[in-house]
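For this chain, numbers begin at 1 and follow the sequence in order. Model, not experiment: these values are computed from the prediction. Atoms within a ligand are numbered from 1 in the order they appear, just like the ligands themselves. Values reported hereafter were calculated over all heavy atoms of this structure, with side chains retained and with hydrogens, waters and symmetry mates removed.
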Amino acid sequence: MEIIRTVNRLAQVVDAARRDGKTIGLVPTMGALHAGHKSLVDRARRENDVVVVSVFVNPTQFNNADDLRTYPRTEEADCAMLEGCGADYAFVPTPDEVYPEPDNRVFDLGPVAEVMEGAMRPGHFNGVAQIVSKLFAWAKPTRAYFGEKDFQQIAVIRRMVELEGFDLEIVPCPIVRETDGLALSSRNVRLSPEARAIAPQIHRILADSVDLKKQGYEADQVEKLTLDAINNIDGLEAEYYSIVDARTMQPISRWADAGDLGAAGCATVYCGGVRLIDNIRY
Ligand code: AMP
């Protein structure tokens with residue numbers, strides 16, 4: 001595996017691969033890699049001739065300076081893991097390489113970006129669109145892999161792809177969890193032992209909410225019961241729990257209002273001061 005630091009070198013290798021008629025799989029990450037990231041890289045490896053994994057903590061998507069400053073950075077371990085997964089290239093640029101000048105682009109992301117994470121983290125999705133559009137332009141992937149853990153992000157990226165006219169396939173990948181149900185996240189290392197013991201309750205409550213639907217409760221009722229169940233746990237505090245159309249991200253109050261992809265329930269929960277996100281499909 002080659003570690004690439006510059007956009008020029010990345011362009012060289014992907015242009016050569018394209019000339020040879022090879023397919024390129026791209027996995028964008030912010031590093032601190034875990035088994036969730038590995039599942040994306042493994043899938044990209046199975047489905048493409050060339051695998052590029054980007055490792056870049058993108059400053060423009062952080063709306064909280066402390067979060068950016070304390071975001072875990074484990075480059076050496078990340079590169080070792082990627083080598084073990086059989087990735088061909090790790091693209092590990094500096095912020096100056098990615099942003100030689102400020103990126104002032106404002107994407108018209110529309111309703112998918114206005115709710116939930118978009119409402120709670122102003123500018124976050126615009127920053128995601130900035131970095132992912134740069135990575136797509138540079139790596140020229142045939143396919144790009146994203147985790148359903150960041151469920152709304154996938155809808156936002158689809159919208160950005162439509163706006164920018166990229167010709168590529170977005171491949172959503174299932175959430176990888178610890179055996180106790182906690183969704184893997186680079187931020188889990190911030191959990192104290194006490195918070196770590198409580199955090200799996202989030203997934204348990206979301207999984208239970210699927211049973212509530214089976215028992216005949218309407219979407220608005222399930223939303224409220226789930227929100228209450230989260231907030232009734234000592235040590236958990238929900239920022240929101242929203243049941244939405246899985247394509248448009250717009251809230252629904254009746255199951256029948258969900259479109260072709262069905263409904264999803266998306267949660268953001270504070271656990272011992274750590275902001276965790278998770279979701280479930282109904
Ligand atoms: P991040 O490094 O957090 O920006 O994540 C990079 C990619 O890995 C994103 O597409 C995430 O959705 C995905 N990802 C993160 N955690 C998980 C997980 N537990 N399961 C599956 N994909 C994940």
Side-chain angles (χ1 to χ4, degrees), residues 25-45 47 51-64 67-68 70-75 77-79 81-82 85 87 90-93 95 98 116-117 121 124-136 139 141 143-158 160-161 168-191 196 199-200 202-203 206-207 246 249 264 266-269 271 274-281:
L26 172 69
V27 184
T29 82
M30 298 206 298
L33 301 181
H34 51 63
H37 299 109
K38 183 178 184 314
S39 73
L40 273 54
V41 179
D42 288 344
R43 177 141 180 212
R45 181 67 288 167
E47 297 180 350
V51 173
V52 179
V53 182
S54 60
V55 175
F56 178 64
V57 182
N58 173 42
T60 73
Q61 73 189 70
F62 283 79
N63 54 329
N64 178 320
D67 189 23
L68 172 60
T70 63
Y71 199 82
R73 288 166 168 87
T74 59
E75 184 186 314
D78 292 347
C79 289
M81 198 254 244
L82 294 175
C85 294
F91 177 51
V92 191
V98 174
M116 300 192 289
E117 292 303 272
R121 304 183 65 187
H124 167 65
F125 283 134
N126 196 65
V128 169
Q130 288 176 339
I131 184 63
V132 176
S133 63
K134 281 176 181 275
L135 292 171
F136 284 0
R143 302 182 186 87
Y145 296 80
F146 294 91
E148 289 182 334
K149 161 139 189 305
D150 299 279
F151 195 71
Q152 189 179 7
Q153 174 171 274
I154 296 178
V156 168
I157 287 165
R158 287 192 194 284
M160 181 279 288
V161 164
L168 49 79
E169 185 190 345
I170 300 294
V171 183
C173 303
I175 303 176
V176 176
R177 300 181 180 281
E178 302 281 4
T179 47
D180 61 14
L182 177 64
L184 265 58
S185 163
S186 303
R187 291 185 175 88
N188 289 354
V189 297
R190 295 176 177 170
L191 294 166
R196 176 64 188 79
I202 301 168
H203 174 62
L206 267 52
M249 301 294 128
C266 301
T268 289
V269 179
C271 178
V274 181
R275 189 174 187 272
L276 300 176
I277 66 171
D278 202 347
N279 64 81
I280 199 110
R281 298 296 285 274

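R190 places a side-chain heavy atom less than 4.5 Å from the side chain of D67. The shortest side-chain heavy-atom distance between V41 and L33 does not fall under the 4.5 Å cut-off. Between F146 and P28 the shortest side-chain heavy-atom distance falls below 4.5 Å. Side-chain contact between R275 and R187: absent, with no pair of heavy atoms (C-beta onward) separated by less than 4.5 Å.
Contact detail for V27 and A44: the closest heavy-atom pair is CG2-CB, 3.8 Å.
H34 CE1, 4.0 Å is the protein heavy atom nearest to atom 15 (C) of ligand 1. Looking at atom 20 (N) of ligand 1, its nearest protein heavy atom turns out to be V176 N, 2.8 Å. Given atom 3 (O) of ligand 1, the protein heavy atom at minimum distance is Y71 OH, 3.9 Å.
For ligand 1, one of its N or O atoms has an N or O atom of M30 under 3.5 Å away. Checked against a 3.5 angstrom limit, the closest N/O atoms of F146 and ligand 1 fall outside it. For ligand 1, the polar-atom distance check against D150 finds a nitrogen or oxygen pair separated by under 3.5 Å. Between H37 and ligand 1, a contact under 3.5 Å exists for at least one N or O pair.
Checking side-chain atoms of H203 against main-chain N and O of P200 turns up no donor-acceptor pair under 3.5 Å. Counting only distance, with no hydrogens or angles, the side chain of R43 and the backbone of Y145 share no donor-acceptor pair below 3.5 Å. Side-chain atoms of K134 come within 3.5 Å of backbone atoms of V98 as a donor-acceptor pair (strictly under, hydrogens ignored).
Every atom of ligand 1 is numbered from 1 in the order shown, and the set under 4.0 Å from a heavy atom of I175 is 20 (N), 21 (C). Short contacts between ligand 1 and G147, defined as distances under 4.0 Å to a heavy atom of the residue, involve ligand atoms 9 (C), 10 (O), 11 (C), 12 (O), 13 (C), 22 (N). Close approach of ligand 1 to T29 (heavy-atom distance below 4.0 Å) involves ligand atoms 2 (O), 6 (C). Taking a cut-off of under 4.0 Å to the non-hydrogen atoms of L184, the atoms of ligand 1 that pass are 16 (N), 17 (C), 18 (C), 19 (N). The L40 neighbourhood of ligand 1 comprises atoms 7 (C), 8 (O), 10 (O), 13 (C), 22 (N), with distances under 4.0 Å to a heavy atom of that residue. The atoms of ligand 1 that sit less than 4.0 Å from any heavy atom of P28 are 6 (C), 7 (C).
Ligand 1 lies out of reach of A35, whose nearest heavy atom is not under 4.0 Å from it. Between P174 and ligand 1 there is a heavy-atom distance shorter than 4.0 Å. Not a single heavy atom of R177 sits closer than 4.0 Å to an atom of ligand 1.
The only option from N188, V274, L182 that meets the side chain to side chain contact (heavy atoms under 4.5 Å, CB included) definition with R196 turns out to be L182.
Between the SG atom of C85 and the CZ atom of R45 there is a distance of 10.5 Å, given to the nearest 0.5 Å.
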